[in-house]
Amino acid sequence: MRDVKENLSIIQERINEACERSGRDPEDIQIVAVTKYVSVERAAETLDAGIQNLGENRDEGLLKKWEALGDKPTWHFIGTLQSRKVKSVVDKVNYIHSLDRKSLAKEINKRAKQPVKCFVQVNVSGEESKHGLAPENTVEFIKQLEAYENIEVVGLMTMAPHIDDDEVLRTCFRRLRKLKEEVEGLGLSYAPCHELSMGMSNDYTIAIEEGATFIRIGSALVGE
Ligand SMILES: *Cc1c(COP(=O)(O)O)cnc(C)c1O
């Protein structure tokens with residue numbers, strides 16, 4: 001397996017190029033290293049390589065790595081979150097990328113001791129296998145979160161379809177950006193919604209060109 005450092009320098013180069021193409025500042029893009037496939041040791045190596053953000057998609061994985069690394073990393077919960085698992089993870093993570101229903105918002109609000117930064121997950125592509133709100137229901141959903149004082153909607157998140165068609169991917173990311181701008185425009189104090197969590201190993205350069213501020217990279221960075 002290649003060093004995380006080596007992978008990171010390749011990825012950083014591609015990020016810089018994507019930023020150049022789209023007139024963006026690489027400083028505005030945060031890499032979330034998705035460590036769900038790899039060991040605690042590899043996650044520690046990732047931190048040592050200078051990556052601050054680690055992402056896990058299951059409570060077991062998060063808890064195991066949290067026991068070893070504590071609050072040194074900034075923790076991102078990126079997977080489907082069952083309401084009954086909220087209690088065990090909510091005060092260990094800094095960001096939840098998968099808020100997609102009212103019952104989950106209610107549980108996060110109830111269990112968290114302080115406000116949690118949440119991304120509302122949107123199923124832009126409409127694939128049945130994917131979680132997330134339908135785009136047309138997203139604004140209404142966010143408006144309903146006002147009563148939940150422990151939820152801060154920092155942005156929107158999506159997973160693009162797993163295909164090799166740049167234009168389809170681009171359209172998907174662009175739609176999320178438009179939706180983000182719509183929510184941003186509402187000026188809700190609990191939902192500033194300035195961030196876009198989109199782009200994975202196979203599509204992060206396109207996501208950056210379309211405005212991503214958090215890219216979630218697993219296999220290309222830490223291996224699988
Ligand atoms: C696994 C996962 C990723 C990273 O996937 P790679 O293709 O390995 O980069 C990103 N986001 C979510 C929600 C994931 O579950």
Side-chain angles (χ1 to χ4, degrees), residues 1-4 6-15 18 29-40 42-43 45-46 49 51-65 73-82 85-86 89 93-101 104 108 116-133 138 154-166 168-170 172-173 176 180 195-224:
M1 221 191 293
R2 254 200 322 238
D3 287 354
V4 173
E6 261 177 81
N7 290 335
L8 179 58
S9 76
I10 294 165
I11 290 168
Q12 197 63 60
E13 185 65 28
R14 297 189 67 203
I15 291 174
I29 290 138
Q30 299 214 44
I31 300 172
V32 178
V34 177
T35 51
K36 67 187 185 194
Y37 316 105
V38 301
S39 65
V40 168
R42 189 74 167 169
E45 183 193 335
T46 305
I51 295 182
Q52 173 64 23
N53 298 295
L54 299 189
E56 284 285 329
N57 69 336
R58 290 176 169 276
D59 64 315
E60 302 92 12
L62 187 274
L63 294 175
K64 195 165 161 217
K65 295 208 173 66
T74 301
W75 289 109
H76 296 254
F77 196 90
I78 61 170
T80 307
L81 184 53
Q82 292 172 286
K85 303 288 176 77
V86 166
V89 302
V93 299
N94 306 89
Y95 290 85
I96 293 174
H97 290 240
S98 48
L99 177 57
D100 64 354
R101 57 193 192 279
L104 180 59
I108 292 170
V116 186
K117 295 182 171 68
C118 295
F119 287 88
V120 170
Q121 185 171 352
V122 184
N123 184 1
V124 178
S125 65
E127 288 172 289
E128 260 180 53
S129 60
K130 293 216 154 58
H131 290 265
L133 287 142
T138 302
V154 295
L156 302 183
M157 178 273 213
T158 200
M159 290 179 78
H162 200 81
I163 50 163
D164 214 9
D165 183 331
D166 286 7
V168 174
L169 297 168
R170 194 176 293 286
C172 176
F173 295 140
L176 193 72
K180 185 222 42 157
E195 311 295 341
L196 279 171
S197 168
M198 58 189 197
M200 316 196 332
S201 290
N202 62 322
D203 57 17
Y204 67 90
T205 57
I206 301 173
I208 288 169
E209 289 170 17
E210 297 303 327
T213 57
F214 286 81
I215 54 176
R216 311 177 308 268
I217 307 190
S219 43
L221 180 59
V222 298
E224 47 194 319

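Bear in mind the structure is a predicted one, so any value in this text is a computation, not a measurement. Just so you know, ligand 1 is whichever comes first in the structure, and atom 1 is the first atom listed for that ligand.
Contact annotation: for H97 versus ligand 1, there are no heavy atoms closer than 4.0 Å. The part of K36 lying near ligand 1 is the side chain, judged by heavy-atom distances below 4.0 Å.
In this structure, the side chain of D100 does not engage the main chain of L133 through any donor-acceptor pair within 3.5 Å.
E127 and S125 share a donor-acceptor pair across their side chains, judged by distance under 3.5 Å alone. Remark: the T35 side chain and the E56 side chain contain an N/O donor-acceptor pair separated by less than 3.5 Å. No hydrogens or angles considered: a donor-acceptor pair under 3.5 Å links the side chains of S201 and S219.
Heavy-atom separations between Y204 and ligand 1 are all 4.0 Å or longer. Under a 4.0 Å heavy-atom criterion, I78 is in contact with ligand 1.
Near I217, meaning under 4.0 Å from any of its heavy atoms, are these atoms of ligand 1: 9 (O). When each atom of ligand 1 is checked for a heavy atom of R216 under 4.0 Å away, the hits are 4 (C), 9 (O), 10 (C), 11 (N), 12 (C), 13 (C). Numbered from 1 in the order shown, with element, the atoms of ligand 1 that lie under 4.0 Å from a heavy atom of Y37 read 1 (C), 5 (O), 6 (P), 8 (O).
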Intermediate values then yes/no, side-chain hydrogen bond (donor to acceptor under 3.5 Å, both in side chains), T213 and E195
CA-CA 6 Å; T213 57; E195 311 295 341; 2.7 Å; yes

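Each of M157, Q121, M198, K117 was checked for a side-chain contact (heavy atoms from CB on, under 4.5 Å) with H97, and the lone residue meeting it is M157.
Regarding atom 10 (C) of ligand 1, its nearest protein heavy-atom neighbour is M200 SD, 3.3 Å. When hydrogens are left out, the protein atom nearest atom 9 (O) of ligand 1 is S201 OG, 2.5 Å; that is the closest non-hydrogen contact.
Relative orientation of the H76 and F214 rings is tilted, given thresholds of 30° and 60° on the angle between their planes.
Remark: ligand 1 and G218 share an N or O pair separated by less than 3.5 Å (distance only, no angle test).
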